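What follows is a short report on a single structure.
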Number of protein chains: 2
Amino acid sequence: MPKTTLKKLATILGLSTATVSKALKNYPDINADTKKRVIELATSLNYQPNSLAQGLRNKESKIIGLIIPEIVHHFFSNIISGCIKAAEKRGYLVIVLQTNESFEQEKNHLKLLMNKNVDGILLSLSDDTTQHKHIKQVIDRGIPVVLFDKISKLIKSSKVIIDDQKAAFNATQYLIESGCKKIAHIRGDLKPQTTIDRFIGYKKALAKNNIPFDNSLIYKCKSLTFGEGYRLAKKIIQDHKDVDGVFAFTDLVATGVLKRFNELKIQVPEQVSVMGFSDWFLTKITTPTLSSVHQPGFEMGQQAFELLYKDICTLKKGEEIIPQIIEIPTYIVPRNSTRKLAKKAK
Amino acid sequence: MPKTTLKKLATILGLSTATVSKALKNYPDINADTKKRVIELATSLNYQPNSLAQGLRNKESKIIGLIIPEIVHHFFSNIISGCIKAAEKRGYLVIVLQTNESFEQEKNHLKLLMNKNVDGILLSLSDDTTQHKHIKQVIDRGIPVVLFDKISKLIKSSKVIIDDQKAAFNATQYLIESGCKKIAHIRGDLKPQTTIDRFIGYKKALAKNNIPFDNSLIYKCKSLTFGEGYRLAKKIIQDHKDVDGVFAFTDLVATGVLKRFNELKIQVPEQVSVMGFSDWFLTKITTPTLSSVHQPGFEMGQQAFELLYKDICTLKKGEEIIPQIIEIPTYIVPRNSTRKLAKKAK
DNA sequence: ACAGGCTCCGAAAACGATTTCGGTGAAAAA
DNA sequence: TTTTTCACCGAAATCGTTTTCGGAGCCTGT
């Protein structure tokens with residue numbers, strides 16, 4: 001029942017803790033026979049080093065922190081999953097924390113993780129975060145931070161992102177190429193950069209195709225909910241009878257639109273095409289299934305950890321971290337809420 | 001940039017580390033003035049105790065482990081969320097791990113967490129787990145374990161569960177009371193206890209209402225997917241033209257059924273009622289919306305932590321843990337895939 | 001026989017915080 | 001004046017592991 005320690009092994013074998021430790025780590029200055037004896041006893045007593053003591057001595061905990069705005073969220077839970085998987089391969093464990101989009105919580109959690117001596121932190125900014133002192137403090141303390149998804153260009157750190165602008169551009173372009181002429185855009189609050197970029201991407205696609213931008217076609221969600229999509233769908237149709245495309249900045253809202261269109265007997269995609277964003281699980285179960293932009297959460301989580309691991313290693317070697325930015329490619333997943341593209345000539 | 005330690009504070013103030021430590025912990029044998037000086041310097045230098053050192057000394061890490069079969073899953077991500085929230089209130093952090101329903105991974109993760117000196121472990125068994133030696137080992141080492149959702153009656157530990165049998169009974173009863181006479185049941189693999197219990201609940205409800213059990217009305221999913229529901233829906237209708245109710249053991253499958261019924265122009269709920277299980281988010285966005293049994297993940301996560309915390313405390317006091325089992329109540333959420341109940345006379 | 005070179009092991013310091021057990025000095029009591 | 005009491009502080013051990021440095025013992029070569 002009590003844990004086996006180095007000392008216990010040492011006394012049983014009539015050795016010192018130093019020798020036992022070195023034997024287990026295969027130091028060259030230990031006799032082969034002794035090593036064998038030590039290893040045998042260690043395995044038979046199921047010795048496991050106390051990682052608290054190791055951490056104290058080696059100044060590393062082999063634990064990292066992961067801070068996200070929301071856990072119950074398809075995209076972010078994918079991030080968690082990818083991150084944990086990558087971490088495990090390198091022998092790291094992951095402490096998960098949630099900010100609920102609150103700046104205060106973000107600050108607190110950062111502090112908590114620092115006290116726990118984590119070796120690094122993965123962070124997706126909360127919508128409320130406008131200043132970055134708290135993050136700089138962490139970095140200055142020698143704890144590497146990697147930002148992902150919701151980032152800030154003002155923070156000098158490694159980052160993992162998608163190109164929201166390009167992705168939104170492609171989504172809009174797709175709608176246009178499939179025959180849409182009048183496309184409404186449902187956007188969210190302009191606080192997170194992602195929302196801004198998706199809006200810009202939409203506008204750029206219009207410009208590229210010489211479609212004049214019409215501000216009355218832009219609808220703003222008060223909250224990021226199914227209900228908002230449901231509400232706005234009717235408004236869109238009332239305002240513009242000839243709308244033939246809707247690009248929503250997130251799937252959840254697009255799903256609400258779909259539902260309302262069904263109820264209003266508006267044919268999707270024959271009359272109006274609907275395009276979402278994120279490629280959540282629910283895109284596959286709506287009627288009709290929802291076309292969307294795939295946002296690769298799992299890959300982002302993996303890459304974010306790998307980047308952090310690299311930073312941890314360079315810091316351990318005493319070198320300076322050179323921030324690196326990885327952009328994960330996105331792609332459109334066409335389903336039944338948009339019309340088919342004419343096949344391109346090769 | 002370097003962290004402030006007790007020693008640093010001590011040398012600056014011309015005191016010993018012992019005095020500084022005691023001053024910060026408000027020991028009675030320290031002069032009030034000294035305390036003030038210490039605290040002031042500590043806050044101004046932003047002193048944070050090294051939790052590795054604290055853990056080593058006090059034999060507690062203030063970290064717990066949470067092992068679940070799958071992270072990207074509505075129910076389990078709710079569990080994570082609830083658990084983290086409860087843990088935070090008590091000053092604990094949570095390391096999250098995922099087994100992918102694999103016994104081997106469950107064993108490895110348990111070992112990893114033990115080495116990290118977590119103060120306790122929250123565990124939902126993988127479907128592959130049939131023996132429990134590895135869990136007993138953990139408990140014998142003095143690390144409390146609390147099981148939740150997927151448990152085993154053979155393990156002597158605290159548990160947080162729902163009464164799957166009663167919940168399934170109620171769901172079936174609801175279908176019957178709303179007028180269904182011939183109810184099909186879609187069940188999963190009979191490995192996890194939950195699936196078995198839901199099946200039993202279904203049968204008990206039939207018995208209670210003098211409806212003979214008909215094995216040809218039981219359909220088995222090969223996998224826990226939307227596609228399986230889609231596939232089985234057609235089979236059900238082909239086998240039994242007069243089926244008027246379907247009780248699926250999980251929402252995802254029920255959603256597939258709904259989709260197929262829509263395509264086959266089968267009126268839901270007029271011709272066939274459909275009842276799911278778990279009350280996932282997606283129940284609200286299907287057409288029609290899906291009636292389901294609410295499975296309170298968030299609450300379960302919270303309660304599981306609280307139970308673990310209690311066990312940790314009793315163990316610290318040197319007392320023996322008396323395993324406790326908490327049952328979280330479930331309830332039916334009627335939506336549009338089932339007919340309304342006649343109002344009961346009060 | 002003795003310097004030099006091996007091989008193998010252990011003492012000890014270090015990581016940072018905690019806590020017991022004295023100890024010092026001054027004030028109060030005798 | 002001497003003893004007791006008290007308030008206040010510090011030395012040192014402890015948690016378990018790692019690593020440097022030195023040293024004991026033995027063998028080799030001259």
Side-chain angles (χ1 to χ4, degrees), chain A residues 2-39 41-42 45-63 91 114-119 141-143 316, chain B residues 2-39 41-42 45-63 91 114-119 141-143 316:
Chain A
K3 271 196 76 167
T4 33
T5 66
L6 278 188
K7 200 188 287 179
K8 189 188 262 177
L9 294 181
T11 43
I12 293 178
L13 291 168
L15 294 170
S16 73
T17 60
T19 308
V20 175
S21 173
K22 284 193 282 192
L24 290 172
K25 311 197 101 194
N26 203 26
Y27 270 54
D29 64 340
I30 301 291
N31 187 289
D33 272 351
T34 321
K35 278 184 192 170
K36 218 179 115 192
R37 283 174 58 218
V38 170
I39 291 172
L41 186 69
L45 288 186
N46 193 26
Y47 168 75
Q48 302 288 352
N50 182 327
S51 61
L52 251 30
Q54 284 181 317
L56 183 58
R57 166 77 213 211
N58 303 332
K59 298 188 172 307
E60 63 167 11
S61 59
K62 291 275 179 185
I63 295 179
M114 281 183 49
N115 295 357
K116 277 281 176 292
N117 291 73
V118 295
D119 295 342
R141 268 259 202 287
I143 302 178
K316 205 157 57 179
Chain B
K3 272 196 78 167
T4 32
T5 66
L6 276 189
K7 200 190 288 179
K8 189 189 263 177
L9 295 180
T11 44
I12 292 178
L13 292 167
L15 294 169
S16 73
T17 59
T19 309
V20 176
S21 173
K22 284 193 281 192
L24 290 172
K25 310 198 101 192
N26 203 27
Y27 270 55
D29 63 341
I30 301 292
N31 187 291
D33 272 350
T34 324
K35 278 184 191 168
K36 219 179 113 193
R37 285 173 57 218
V38 170
I39 291 171
L41 186 69
L45 288 188
N46 193 27
Y47 167 75
Q48 303 289 352
N50 181 327
S51 61
L52 251 31
Q54 283 182 317
L56 183 59
R57 169 73 215 218
N58 302 333
K59 298 188 172 308
E60 63 169 11
S61 59
K62 292 275 179 184
I63 295 179
M114 281 182 50
N115 295 355
K116 278 281 177 289
N117 291 76
V118 295
D119 295 344
R141 268 260 201 285
I143 302 178
K316 205 156 59 179

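Keep in mind that what you see is a predicted model, and the values were worked out from it rather than measured. Within every chain, numbering begins at 1; the chains are lettered A, B, ... in the order of the sequence lines, protein sequences first and strands thereafter.
A donor-acceptor pair is defined here as one N or O able to donate and one able to accept, closer than 3.5 Å; such a pair exists between the side chain of Ser16(B) and the backbone of Thr19(B).
If you find the closest nucleotide of DNA chain D to Ala18(B) and to Lys59(B), the one lying nearer the 5' end belongs to Ala18(B). When each of Thr19(B) and Leu56(B) is assigned the nucleotide of DNA chain D with its nearest heavy atom, Thr19(B) is the one assigned upstream, toward the 5' end.
Applying the side-chain hydrogen bond (donor to acceptor under 3.5 Å, both in side chains) test to Lys62(B) and every residue at least two apart in sequence or in another chain returns nothing. Residues passing the side-chain hydrogen bond (donor to acceptor under 3.5 Å, both in side chains) test with Asn46(A), sequence neighbours excluded: Gln48(A). Residues forming a salt bridge (charged side-chain N to carboxylate O under 4.0 Å, His left out) with Asp29(A) (at least two apart in sequence, or on another chain): Lys22(A). Looking at residues two or more places apart in sequence or on another chain, you find no side-chain hydrogen bond (donor to acceptor under 3.5 Å, both in side chains) involving Thr11(B). In terms of the side chain to side chain contact (heavy atoms under 4.5 Å, CB included) criterion, residue partners of Ala53(B) (sequence neighbours excluded) are, by chain and number, Leu56(A), Asn50(B). For Lys316(B), the salt bridge (charged side-chain N to carboxylate O under 4.0 Å, His left out) partners two or more places apart in sequence, or in a different chain, are Glu60(B). In this structure, the side-chain hydrogen bond (donor to acceptor under 3.5 Å, both in side chains) partners of Lys35(A), at least two apart in sequence or on a different chain, are Asn26(A).
If you check every strand for non-hydrogen atoms under 4.0 Å, Leu52(A) touches nothing. Counting non-hydrogen atoms under 4.0 angstrom, Lys25(A) reaches the backbone sugars and phosphates but no base.
Contacts between residues 26-38 of chain A and DNA chain D, defined by a heavy-atom separation below 4.0 Å, involve Tyr27(A), listed by number. Applying a 4.0 Å cut-off to non-hydrogen atoms, none of the residues of residues 4-12 of chain B approaches DNA chain D.
Shown here for Met114(B) and Lys3(A), the closest heavy-atom pair between the two residues is O-NZ, 4.1 Å. Taking all atoms of both residues into account, the shortest heavy-atom contact from Thr4(B) to Tyr47(B) is O-CD1, 3.2 Å. Scanning all heavy atoms of the two residues, the minimum distance from Ser21(A) to Leu6(A) falls at CB-CD1, 3.7 Å. Taking both residues in full, the closest heavy atoms of Ala42(A) and Leu24(A) are given as CB-CD2, 3.9 Å, listed atom of the first, atom of the second, then distance.
Nucleotides of DNA chain D with any atom under 4.0 Å from a heavy atom of chain B span, from 5' to 3', dC8(D) to dG16(D). Bracketed by its first and final contacts, the part of DNA chain C lying under 4.0 Å from non-hydrogen atoms of chain B reaches from dC15(C) to dT20(C) in 5' to 3' order.
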Please determine whether side chain to side chain contact (heavy atoms under 4.5 Å, CB included) holds for the pair Lys116(B) and Ile63(B), giving the CA-CA distance in whole Å, both sets of side-chain angles, and the decisive distance to 0.1 Å.
CA-CA 9 Å; Lys116(B) 278 281 177 289; Ile63(B) 295 179; over 6 Å; no

Go through the steps for Asp119(B) and Ser61(B) under the test side-chain hydrogen bond (donor to acceptor under 3.5 Å, both in side chains), then give the verdict.
CA-CA 6 Å; Asp119(B) 295 344; Ser61(B) 59; 3.3 Å; yes

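Listed by first residue number, the stems of DNA chain D with at least three Watson-Crick or G-U pairs below 3.5 Å are C:1-3 with D:28-30, C:5-28 with D:3-26.
In summary, of the residues considered (Val20(B), Ile12(B), Thr17(B)), a side chain to side chain contact (heavy atoms under 4.5 Å, CB included) with Lys7(B) occurs for Thr17(B) alone.
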